[in-house]
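Presented below is the structure to which this report refers.
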Amino acid sequence: MNSTQVAALYVGVNIALLVVLAVWVMMHRRSAQVSVGDGGNDTLALRIRTHGNASEYVPAFLIGLFMTAALGSSAMLVHALGASFTAGRLLHAIGLSASIMASRALGMLLTWVPMLIVAGLLVWQGSF
């Protein structure tokens with residue numbers, strides 16, 4: 001696989017994660033009979049926040065990962081960044097939804113570090 005194919009893999013996986021989290025919200029909306037907002041339902045509020053948090057981080061990272069690949073980063077580097085970010089998003093979603101602070105903290109670390117590396121690579125790659 002070349003680096004853009006690797007990036008495409010992580011784009012697909014992370015889009016699927018966003019859909020799974022959205023379905024998780026929708027399922028609880030239906031069971032709680034809440035169509036807008038959280039209706040004061042703490043479980044629904046937490047699921048909405050879990051999806052929202054992923055929605056805040058995933059798009060920017062995926063654009064950056066794809067740009068990094070397109071600008072010539074190796075497939076291994078793109079794999080390492082994509083895998084760690086994806087693992088971070090999964091751990092954070094689990095930690096946030098189950099109130100497991102260690103999982104949530106590790107998830108954020110595995111989210112932010114690849115994002116910062118991608119940001120640095122893009123600045124470096126874009127300046128030459």
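One-based numbering along the sequence shown.
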### Task
Please confirm whether the backbone N or O of W24 pairs with a side-chain atom of R47, one donor and one acceptor, at under 3.5 Å?
yes
#### Entry: Closest approach of L81 to P114 (non-hydrogen atoms, all atoms of both residues)
O-CB, 3.7 Å
### Task
Mind listing the closest non-hydrogen atom pair of V25 and L44 along with its distance?
O-CD1, 3.8 Å
### Query
Under a single-linkage definition using a 4.5 Å side-chain heavy-atom cutoff for Ile, Leu, Val, Met, Phe, Trp and Tyr, are L17 and L91 assigned to the same hydrophobic cluster?
no
### Side-chain donor/acceptor of T86 to backbone N/O of A83, under 3.5 Å
no
### Task
First locate atom OG of S55, then atom CG of N53, and finally report the distance between them rounded to the nearest 0.5 Å.
8.5 Å
### Task
Tell me, yes or no, whether the heavy-atom count around Q33 atom CD, taken from other residues, nucleotides or ligands under 6.0 Å, exceeds 12.
no
### Criterion side-chain hydrogen bond (donor to acceptor under 3.5 Å, both in side chains) on Y10 and H79, from CA distance to verdict
CA-CA 8 Å; Y10 292 104; H79 257 305; 3.0 Å; yes
### Message
Using every non-hydrogen atom in the two residues, find where F85 and Y57 come nearest and quote the distance to one decimal.
### Response
CZ-O, 3.9 Å
### Query
side-chain contact (heavy atoms from CB on, under 4.5 Å) between V6 and N2: does it pass, once the steps are laid out?
CA-CA 6 Å; V6 173; N2 66 40; over 6 Å; no
### Message
Tell me the closest heavy-atom pair linking A45 and D38, and the distance in Å.
### Response
CB-OD2, 3.3 Å
### Message
For the OG1 atom of T43 and the NE2 atom of H28, what is their distance to the nearest 0.5 Å?
### Response
4.5 Å
### Query
When you look at R89 and V58, which way does the side-chain contact (heavy atoms from CB on, under 4.5 Å) test go after all the steps?
CA-CA 8 Å; R89 291 289 74 213; V58 168; 3.9 Å; yes
### Message
Let's go through L9 and Q5 carefully: what are the C-alpha distance in whole Å and the side-chain angles of both, what is the deciding distance for side-chain contact (heavy atoms from CB on, under 4.5 Å) to 0.1 Å, and is it a yes or a no?
### Response
CA-CA 6 Å; L9 169 69; Q5 289 171 311; over 6 Å; no
### Message
Determine whether L121 and L77 satisfy the following criterion, side-chain contact (heavy atoms from CB on, under 4.5 Å), listing intermediate values before the conclusion.
### Response
CA-CA 11 Å; L121 283 169; L77 177 59; 3.6 Å; yes
### Task
State yes or no: do L21 and I100 share one hydrophobic cluster built from I, L, V, M, F, W and Y residues joined by side-chain heavy-atom distances below 4.5 Å, directly or via other members?
no
### Query
Same hydrophobic cluster for I63 and V13, using side-chain heavy-atom links shorter than 4.5 Å among ILVMFWY?
yes
### Task
Give, for atom NE2 of H51 and atom CD of E56, the distance between the pair rounded to the nearest 0.5 Å.
10.5 Å
### Query
About how many Å separate CZ of R30 and OG of S35, when rounded to the nearest 0.5 Å?
12.0 Å
#### Entry: S3 to A69 - nearest heavy-atom pair and separation
OG-O, 3.2 Å
### Message
Let me check something: do I15 and L65 share a hydrophobic cluster, defined by ILVMFWY side-chain heavy atoms less than 4.5 Å apart, either directly or through other members?
### Response
yes
### Task
Kindly say whether W124 contributes a backbone atom to a donor-acceptor pair with the side chain of S127 at under 3.5 angstrom?
yes
### Query
Minimum heavy-atom separation for L62 to V11, with atom names?
CD2-CA, 3.8 Å
### Query
In the single-linkage hydrophobic clustering (I, L, V, M, F, W, Y; side-chain heavy atoms under 4.5 Å), do L106 and W112 co-cluster?
yes
